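Per chain, numbering begins at 1; letters A, B, ... match sequence-line order. This one's a predicted model, so the numbers in the text were calculated from it and none came from an experiment.
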There are 2 protein chains.
Amino acid sequence: MYSQSEENYLKVIFTLQKAEEAPVNTNLIAEKLSTKASSVTDMIKKLSAKDLLSYKPYQGVKLTETGRSIALKVLRKHRLWEFFLVDKLHYKWDEVHEIAEQLEHVKSDSLIDKLDYFLGLPKYDPHGDPIPDKDGNFAGEELISLKNMEIGERGILKGLKDSSNVFLKYLDRKNMVIDDQIEVVDIEKFDQSVLIKTNWETFYISEQVAKNLLIKRMNDEL
Amino acid sequence: MYSQSEENYLKVIFTLQKAEEAPVNTNLIAEKLSTKASSVTDMIKKLSAKDLLSYKPYQGVKLTETGRSIALKVLRKHRLWEFFLVDKLHYKWDEVHEIAEQLEHVKSDSLIDKLDYFLGLPKYDPHGDPIPDKDGNFAGEELISLKNMEIGERGILKGLKDSSNVFLKYLDRKNMVIDDQIEVVDIEKFDQSVLIKTNWETFYISEQVAKNLLIKRMNDEL
DNA sequence: AATATTTTTTAGTCTTATCTAAATTTATTT
DNA sequence: AAATAAATTTAGATAAGACTAAAAAATATT
C-alpha cells in the first residue's frame, strides 16, 4: 500500500511525463504539487528505492512500469469519482476536483470496480479526460486542439488542455459542456480568434481558448 | 479542520460515552483504537487544548458540545457512506465498515448533504444504527442522565432511572414533570449537586437526584 | 573558457502521531 | 493503613513528510 503523498507524486509525474515525453524534472513536480524542490528530491529517493521510478541525480525521473500502473489506478479512481459527483450528486464539473483529490486515495480493491459498474462503465470523466479501465487501458482517442481545425469542420468537445478553475468558469459562462457539438464557422486572420457554432449559439472565442479545447473530429467514430 | 486521527478519537469517545454514561477512560479508548494508552493521553491533551473535550488527569474524558458535534458529523458521514455502499454498490452489510472508515474523513461541506439527498435521506444505516441528520439529530435519540450534562446545556426531562414512590413524591414537591425544559446553571464541585433552572424556578438538586433524571438533549447547534 | 545563473541536492529542523519504558497516581487487598 | 496491583501519565525515541538555508552540479552567458 502506498501513502496518499506517494500516490500524488506518482499521479503528477505520470501526467507530466505524458505532456513532456521526457524525463520529468524536479521543479516541475514541485510546482504542480505546490511544494518545494527539496521535498520532491526526498520523495523521489523514496519512490526510487521502491522501484516506482528510475532516477539519476540531476537527471530527472521516469516512472517504471509498476509506478505507471499505480499512477493509472489513481487516475482511474479520480476520474470515476468525478463522474460520480457530477452524474449522481449533480455537482458542476468545476466543483469536483478538490473532492475527487480526496476520494481517489480511498483504498479498496473492490470499491472502484463496483463504482465503475454502478456508473455504467463511463469512458470519459466530466472534463473529457479518458478514464483508464480495470486493466489500465485508456479509451484511446485522438483529440485535436480546436485551434487546429479548419473552417467548416465539425467535432465534439471532449476535453480540455487547461483544467484551471478560471477556464472552467469561463466555459460555464459560455454554457459549453463536454459532448457539445461545435462547428468552426470562421477564423479571424488578424488575431486567430475563432467563430464557433454550438447547438445553441454562435460566438467568437480567442485563439487562447481555442488552443485549450480538445475536439474529437466528427468523422472519427467512438 | 481536524485530522483523521482527531476525528477517530472523537468518534470513538462519543460511542463509548453513550455506552458508558460516565467519563470515558484511557484504556478503553486505547483498546477501541488499537493503540497504546500513552498515545491516547497525548491525543487527549491535544483535543483538550482545542476544547473538544474536558479532561482532568487520571479522571477520564468527556466531550464538549463542540467535540460532540464533530463526532456526530463523522458518524453521520460513516453511516451514510455505508448506506451508499450497500444500497448502490451492492456490498453486503458486513463488508462495508473498513471502506466507510476511510470515506468518513473526506472533507467537504456540501458532499455529505448531497449524498444524503441522493440516497433519499435514509434514517438508518445497513446495521440499523440511526443516521444523524444535518442538524445532528438522531432518529432514535437516546436519553442521558442529567448528571452527565455540562453547565449551560439544556434539555427536556423525558424519563427516570428510578421510578420508586419516594422519588416520584420528591419530584412532585419540586413541581417537576415529564417534558419540562431544564437548564444546567451550575455544578457544585464539592458534592456534585446541580443548580437547575426549570420553566418556573431555579434550585439545587443532589447528585443522586441528577443521576436519576433522564434528559433528551436540545441541540441548539450541530 | 570563465563566470553567472538556474536547478537540484544535502544537511539540519519541525510537526504529527505513534511507540517503549519508567514514574506517578488511583484503586484494591490484605 | 500499608502493600500491592492496575491505570494513567511523563520522558525520550522514531518515522513520515514537509520546510529553510547552504552546497553542489548543470546550464547559460559573456
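What separates CE of A:M43 from P of D:dA15 is a distance of 16 Å, to the nearest Å. If you take CD of B:Q4 and P of C:dT18, they are 11 Å apart, rounded to a whole angstrom. Summarising the geometry, the separation between NZ on B:K45 and P on C:dT18 is reported as 15 Å, rounded to the nearest angstrom. Residue A:Y55 contributes atom OH, which lies 7 Å from atom C1' of C:dT9 at whole-angstrom precision. Atom NZ in A:K56 sits roughly 19 Å away from atom C1' in C:dT7 (whole-Å rounding). Between the CD1 atom of B:I29 and the C1' atom of D:dA7 there is a distance of 13 Å, given to the nearest Å. Here the C1' atom of nucleotide D:dT10 and the CG atom of B:D42 are 9 Å apart, to the nearest Å. Taking atom CG on B:L28 and atom P on D:dA7, their separation rounds to 10 Å, with Å as the unit.
Remark: B:K36 is in phosphate contact with C:dT20, judged by side-chain N or O atoms under 4.0 Å from OP1 or OP2. Between B:S5 and the phosphate of C:dT16, there is no side-chain N or O to OP1/OP2 separation shorter than 4.0 Å. Taking side-chain N and O atoms only, A:N25 has a distance below 4.0 Å to OP1 or OP2 of C:dT8. One finds a side-chain N or O of A:T35 lying less than 4.0 angstrom from the OP1 or OP2 phosphate oxygen of D:dC19. Taking side-chain N and O atoms only, B:T41 has a distance below 4.0 Å to OP1 or OP2 of D:dT9.
The nucleotide whose nearest atom lies closest to any side-chain atom of A:Y58 is, among C:dT26, C:dT9, C:dT10, C:dT9. Taking only side-chain atoms of A:Y9, from C-beta outward, the nucleotide of C:dT25, C:dT9, D:dA18 with the closest atom is D:dA18. For B:N27, the listed nucleotide lying nearest its side chain is D:dA7; candidates were D:dA7, C:dT20, D:dA18.
With values rounded to the nearest 0.5 angstrom, A:L157 atom CG is found 5.0 Å from A:I215 atom CD1.
Taking the side chain as every heavy atom from C-beta outward, B:I196 and B:T202 never approach each other to under 4.5 Å.
Put simply, the side chain of A:S38 and the base of C:dT8 share no donor and acceptor less than 3.5 Å apart.
Aromatic rings from A:Y2 and A:Y9 are positioned such that their centres are separated by 6.0 Å or more.
Among the protein residues, A:T26 comes within range of the sugar-phosphate backbone only, with heavy atoms under 4.0 Å from sugar or phosphate atoms but none that close to a base.
Summary of the strand contacts: A:P57 and B:I44 both lie near DNA chain D, and taking for each the nucleotide with the nearest heavy atom, the more 5' one is attributed to B:I44.
Of the candidates B:I44, B:I70, B:L63, B:V61, B:L52 forms a side-chain contact (heavy atoms from CB on, under 4.5 Å) with just one, namely B:I70. Tested against A:K77, the residues A:I112, A:V106, A:L72 include a single side-chain contact (heavy atoms from CB on, under 4.5 Å) partner, A:I112.
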